[in-house]
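Written out below as structure tokens is the structure these notes cover.
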2 protein chains.
Amino acid sequence: MTRRLPAWRNSVSFLRPDRLIVLALCCLLLVAATALAQTDPLPSWNEGPAKQAILAFVRATTDPSNPSYVRPEARIATFDQDGTTWVEQPMYTPMLYCLARLRELAKDKPELAGAEPFKSLLSGGLERLADASTDDIVKLYAATMTGMTVEELGNQVRRWLDTARDARWGRPYTELVYQPMLEVMQLLRAHGYKTYFVTGGGQDFLRAYAEKVYGVPPEQVVGTLNATKFGYDAAGKAVLTEEPRLLLNNVGPGKPQGIHLMIGRHPQAAFGNSDGDKEMLEYAQAGGGARLMMLVRHDDAEREYAYAAQSKIGTFPDSLLAEAAQKGWVVISMKQDWKRIFSWE
Amino acid sequence: MTRRLPAWRNSVSFLRPDRLIVLALCCLLLVAATALAQTDPLPSWNEGPAKQAILAFVRATTDPSNPSYVRPEARIATFDQDGTTWVEQPMYTPMLYCLARLRELAKDKPELAGAEPFKSLLSGGLERLADASTDDIVKLYAATMTGMTVEELGNQVRRWLDTARDARWGRPYTELVYQPMLEVMQLLRAHGYKTYFVTGGGQDFLRAYAEKVYGVPPEQVVGTLNATKFGYDAAGKAVLTEEPRLLLNNVGPGKPQGIHLMIGRHPQAAFGNSDGDKEMLEYAQAGGGARLMMLVRHDDAEREYAYAAQSKIGTFPDSLLAEAAQKGWVVISMKQDWKRIFSWE
């Protein structure tokens with residue numbers, strides 16, 4: 001005799017334990033998604049036009065029924081680093097690294113310490129560095145960040161970041177990241193955006209910590225590019241060595257060039273803080289449709305820094321402010337728009 | 001009197017209609033996933049060591065309990081294009097484009113038609129092109145693929161692809177894609193791999209059709225790189241113009257350099273077909289752990305082509321075969337491993 005199950009048992013028999021687990025996970029995800037939707041995704045931002053511009057942009061470009069909808073493949077957001085996602089005063093951190101590394105190398109290499117521009121850079125410190133020509137910087141970069149394998153460079157940078165401390169707060173540089181900007185990156189990623197860095201600093205410098213600190217993988221770091229050389233180590237293993245040959249100076253007009261090289265699309269959103277980001281924002285806007293262009297304005301001497309228009313670091317001339325107003329770019333006031341600046345505040 | 005629901009009704013009350021829809025979708029996904037798992041993901045491949053190597057690699061690197069597991073962020077696979085994912089005989093398609101474009105331009109520019117290397121390229125056809133020096137090719141590239149905006153170049157390439165036909169099959173070049181390799185790309189992507197092209201052809205040439213033909217977005221196309229120039233059009237809109245300045249010749253040792261520049265990691269899997277891919281495969285393997293290196297061998301004169309070791313196009317010397325055997329790279333025999341070559345067969 002065949003034992004027949006009642007109809008309801010039959011229909012429930014689909015629910016084998018393994019499938020039940022998947023179903024349960026789906027339900028949990030559902031609950032989590034609902035909970036998330038009710039939480040403020042930008043808790044470190046004060047209410048105001050900047051916060052509203054970000055939220056409206058994300059809503060418009062990810063809602064399929066909105067005329068400004070952007071298909072997931074084209075969701076690209078680019079961020080400058082120094083001054084936009086972390087502190088750049090009194091000097092860009094990648095430059096601080098080069099200077100620290102130069103001091104270290106100079107101990108064993110008097111011929112390096114005695115030659116210009118190194119001699120005056122070593123004695124003149126940050127002020128001399130702020131006045132350095134592009135040529136000086138290229139030489140400093142070549143002396144400190146080339147000649148080793150790409151892996152060795154990454155290790156050297158991470159070792160320095162582990163021990164170096166900022167003079168004002170006494171903290172590692174990687175703790176001087178702006179919490180509000182981290183939230184913007186996370187919000188964008190949660191809505192299918194790929195977040196890229198487009199920095200004037202060296203590509204392999206930022207790659208050494210971008211994934212850990214910002215959640216940005218190495219293939220999404222556009223920076224100032226130098227050539228590498230292919231070869232083999234003593235064991236016959238393929239290696240790449242950093243070469244002192246500049247391929248792209250990723251500043252100003254170099255930023256759209258770097259974006260085209262590594263991304264090949266106009267960014268849908270672009271975030272900067274100085275005249276070195278102007279062309280990146282213009283290039284984002286040139287893509288047409290719903291684009292978000294934002295500039296961080298350093299106007300909070302108490303909690304961070306307030307730069308004059310003529311500051312050598314992170315220059316923000318009045319002409320940039322005028323262009324922003326004319327083109328509908330959104331200026332973020334650190335003082336007014338950010339509830340807190342660092343995660344540890 | 002309070003009407004009390006039976007316990008089971010109470011527990012089911014969570015299932016509001018909107019949530020039921022989501023649950024139903026989850027169940028459908030589950031069923032679809034089960035169905036997919038039972039289908040052969042590589043239907044155009046014959047059973048054999050090549051197919052098994054691909055399936056074993058995907059299983060090992062995506063199963064969290066396997067010692068060779070690779071976290072999703074590091075799942076990168078790189079593919080050469082010409083000869084690896086589409087036909088490269090009797091001449092690389094990007095070169096055919098340059099020659100066709102040169103013929104078109106020469107009609108209106110006798111000064112171009114009369115100067116070398118263009119004069120002999122126009123009269124000598126494919127044979128002259130196969131003997132062209134790197135310097136000749138750079139000049140041909142500069143004459144035909146620079147001077148216009150990056151958007152105009154993409155449009156010119158797409159217009160040509162729409163009408164140009166291959167001499168042997170009379171089909172568009174984009175139909176000469178190898179169906180078995182498309183299946184490998186799809187299988188890898190279904191398992192969280194990012195599929196990149198690493199081609200000797202121009203980056204912006206391949207970008208013009210990579211997304212449509214291969215499902216590879218522009219940011220995952222590494223190619224031979226030229227500089228661009230930033231400027232503004234008549235309406236004041238930011239534009240990039242293709243410049244005749246070579247930044248990276250993405251062939252041989254240039255491939256690991258291009259990979260580092262655009263990806264910054266060793267590929268977990270790399271696919272090529274000639275000595276121009278040797279260094280890319282070596283660099284993938286140098287990353288250590290479970291890596292898959294494969295070379296397509298053209299040994300099927302009937303269905304596609306069979307190249308001699310000394311072929312100028314897609315050279316596959318015996319030394320490469322020996323290196324593959326020594327290092328555990330897998331050689332794909334088109335004749336034995338591929339059930340069909342093109343989707344329309």
Side-chain angles (χ1 to χ4, degrees), chain A residues 14 19 22-23 25-27 29-31 33-34 73-74 76 150 154 194 196 203-204 207 210-211 217-222 225 227-233 236-240 243 247-248 252-257 259-266 279-288, chain B residues 14 19 22-23 25-27 29-31 33-34 73-74 76 150 154 194 196 203-204 207 210-211 217-222 225 227-233 236-240 243 247-248 252-257 259-266 279-288:
Chain A
F14 168 75
R19 290 185 174 161
V22 175
L23 260 176
L25 283 172
C26 290
C27 293
L29 266 174
L30 189 69
V31 173
T34 311
E73 296 74 23
I76 303 279
V150 298
K194 282 189 185 172
Y196 277 80
Q203 181 184 45
D204 287 339
R207 277 176 171 169
E211 196 155 26
E219 67 267 27
Q220 287 166 219
V221 176
V222 187
L225 303 173
T228 56
K229 192 179 155 190
F230 179 83
Y232 303 93
D233 69 10
K237 204 175 83 168
V239 290
L240 289 174
E243 286 274 289
L247 291 183
L248 175 72
K255 291 202 171 191
Q257 292 163 12
I259 288 169
H260 180 69
L261 195 103
M262 282 199 54
I263 309 176
R265 303 187 202 262
H266 295 260
E279 289 84 354
M280 173 170 73
L281 271 61
E282 291 171 346
Y283 191 67
Q285 193 159 30
Chain B
F14 168 76
R19 290 188 173 158
V22 175
L23 260 177
L25 283 174
C26 290
C27 293
L29 266 175
L30 189 69
V31 172
T34 311
E73 295 75 23
I76 302 280
V150 297
K194 281 188 185 173
Y196 277 80
Q203 182 184 45
D204 287 339
R207 276 175 170 172
E211 196 155 27
E219 66 268 27
Q220 288 166 219
V221 175
V222 187
L225 303 173
T228 56
K229 192 180 155 191
F230 179 84
Y232 303 93
D233 69 10
K237 203 175 84 167
V239 289
L240 290 174
E243 285 274 288
L247 291 182
L248 175 71
K255 290 203 170 189
Q257 293 164 11
I259 288 169
H260 180 70
L261 194 103
M262 282 198 57
I263 309 176
R265 304 187 201 262
H266 294 260
E279 289 84 354
M280 172 169 75
L281 270 61
E282 290 171 347
Y283 191 66
Q285 193 159 29

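Treat the numbers as computed from the prediction; the structure is a model and nothing was measured. Each chain gets a letter, A, B and so on, in the order the sequences are listed, and its residues count up from 1.
When heavy atoms are compared at a cutoff of 4.5 Å, A:Glu279 approaches chain B by way of both its backbone and its side chain. Contacts between B:Ile263 and chain A at a heavy-atom distance below 4.5 Å involve backbone atoms as well as side-chain atoms. Neither the backbone nor the side chain of B:Lys255 comes within less than 4.5 Å of any heavy atom in chain A. Heavy-atom distances place both the backbone and the side chain of A:Leu247 under 4.5 Å from chain B. Only the side chain of A:Gln220 has a heavy atom closer than 4.5 Å to any heavy atom of chain B.
The two residues A:Leu261 and B:Met262 have their closest heavy-atom pair at O-SD, 3.6 Å. Nearest heavy-atom pair, A:Ala286 versus B:Ala238, reported as atom, atom and distance to 0.1 Å: CB-O, 3.5 Å.
Rounding to the nearest 0.5 Å places CZ of B:Phe230 at 11.5 Å from CE of A:Met280. A distance of 10.0 Å separates CD of A:Glu219 from CD of B:Glu219, quoted to the nearest 0.5 Å. One finds the CG atom of B:Leu240 at 7.0 Å from the NE2 atom of A:His266 (value rounded to the nearest 0.5 Å).
Per-residue heavy-atom pair counts under 4.5 Å with chain B were compared for A:His260, A:Glu282, A:Gln257, A:Lys237, and the maximum is reached by A:His260. Ranked by heavy-atom pairs under 4.5 Å with chain B, the list A:Asp204, A:Leu248, A:Val221 is led by A:Asp204. Annotation: maximal heavy-atom pairing with chain A below 4.5 Å, among B:Val150, B:Val239, B:Val222, occurs at B:Val150.
Residues satisfying the side chain to side chain contact (heavy atoms under 4.5 Å, CB included) criterion with A:Glu211, sequence neighbours excluded, are A:Pro217, A:Pro218, B:Arg71, B:Glu73, B:Arg265.
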